[in-house]
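Read the numbers this way: they start at 1 and go in the same order the structure lists the ligands and their atoms. Quick caveat, the model's predicted, so the values are computed rather than measured.
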Amino acid sequence: MSTTLERQTAGALPFAAYKGLSQEELTARIQAVREKMGPRLLILGHHYQRDEVIELSDLQGDSYRLSALAAENKDCRAIIFCGVHFMAETADILANRPERVKERRGERIPVVLPDMKAGCSMADMAAIDQVENCWNQLGQVIDLSEVIPVTYVNSAASLKAFCGRHGGTVCTSANADVALQWALSRGRRVLFFPDQHLGRNTALRMGIPLEEMPVWDPQAEELGGQTKEAIQKSRVILWKGYCSVHQIFLPSHVDYYREHYPGIRILVHPECMREVVEKADVVGSTGKIIRAVEEAPPGTKWAIGTELHLVNRLKKKHPEQEIYFLAPVVCMCSTMFRIDLPHLCWAAENLAAGTPVNVIRVDDATAADALVALERMLQLKG
Ligand code: 13P
Ligand code: SF4
């Protein structure tokens, strides 16, 4: 485990006291902390969060924007990250990088995740020992100096550190194409983890054929379940990981909307499977999805394939457009959903009281290597 979790500081207010409080009381108390702490407290909210949490966040964004915001902010002295674990780790690495800590005369910023159970099932599909094992096995059949590892930001800090150590980078769904182009300009092949769909959809757009994208299964006994020839022919080696939310969208859902709603535009996240992405009109990160709707003329019809809270928020904000959720079943990110007002209030009041809880702290060695890969990513965007 690359992080140390400072769950409870001695004297911290217990969570149990927050459970039965009304939404009005919780909102007022969180507002009171925001007023008391002013710009010293930064509450960041990922677009998949509940509406009541988004309303109390200072800044909202997709994974890329939130990383950039954590890297840029010079005023804040504490961050509450309303998102999932890997996002809080990334914020800790960027907000507490050595030059920033020096500017603050040694002061570290606590990055708080209101509920420690807010993880990401996709990030859990690639563990560092599995990636190290894959790397070692690859080294037996191909020259590792020609392989550039790229990790999707939805991954533990230890995987980002691995990429930092091996000349690789991090990407988000907003810049996967730039990151893959960068990697393929430096090496003959890319090892891409943990999301096979983002890797495949991006590489296909760059003209790399499917036959050159074997999928590495970390559970397989040998060579990720691939033949030596398949690995030697590869340009992009994909990891067998996926998002349990986005895999729910199917090509038949796209067909249904096309048939019943002539002229409808299909807008999906690149974590959806290839067969869905190929049938879509627009593919992009949550930030791009929001911009596409904001820029569309009134009357535009959309069926959107991404997390339910974001789609419902877009529906509310854009009554001048017709917006549908692409799947017939409810599919939301249950771990993002764990961040609720009781947890946010508990986290905020403990911060204000000087007894922070659920501080995400990446150990220094992991953070230093991961920072190398994250800085490469942030430079790529520019
Ligand atoms: P974004 O990069 O679009 O923020 O996506 C994050 C995520 O977890 C999507 O499942
Ligand atoms: Fe992870 Fe999928 Fe949830 Fe994003 S939507 S945080 S990839 S489980």
Q) Are Tyr48 and ligand 1 in contact, using a heavy-atom cut-off of under 4.0 Å? A) yes
When the side chains of residues 36-48 are checked against the rest of the protein, which donor-acceptor pairs come out under 3.5 Å, sequence neighbours left out?
| residue | atom | partner | partner atom | Å |
| --- | --- | --- | --- | --- |
| His46 | ND1 | Tyr48 | N | 3.1 |
| Tyr48 | OH | His246 | NE2 | 3.4 |
| Tyr48 | OH | Thr306 | OG1 | 2.8 |

What lies under 2.8 Å from atom 3 (Fe) of ligand 2, restricted to protein N/O/S atoms, is Cys333 SG
Any heavy atom of Met122 under 4.0 Å from ligand 1? The part involved is neither
re atom 1 (P) of ligand 1, the protein heavy-atom contact at minimum distance is Ser173 OG, 3.4 Å
for atom 9 (C) of ligand 1, nearest protein heavy atom and its distance come out as Glu271 OE2, 3.1 Å
Residues passing the side-chain contact (heavy atoms from CB on, under 4.5 Å) test with Arg65, sequence neighbours excluded, are Leu59, Asp62, Leu69
shortest atom 8 (O) of ligand 1-to-protein heavy-atom contact is with Asn154 ND2, 3.1 Å
Among non-hydrogen protein atoms, atom 5 (O) of ligand 1 lies closest to His269 NE2, 3.3 Å
Quick note, ring pair (Phe, Tyr, Trp, His ring centres under 6.0 Å) partners involving residues 146-165, not counting sequence neighbours, are Trp135-Phe162, Phe162-His166
Tested for salt bridge (charged side-chain N to carboxylate O under 4.0 Å, His left out) against Glu107, the lone hit among Arg100, Arg77, Lys102 is Arg77
**Asked** Hey, is the main chain of Cys272 close enough, under 3.5 Å, to the side chain of Asn201 for a donor-acceptor pair?
**Response** yes
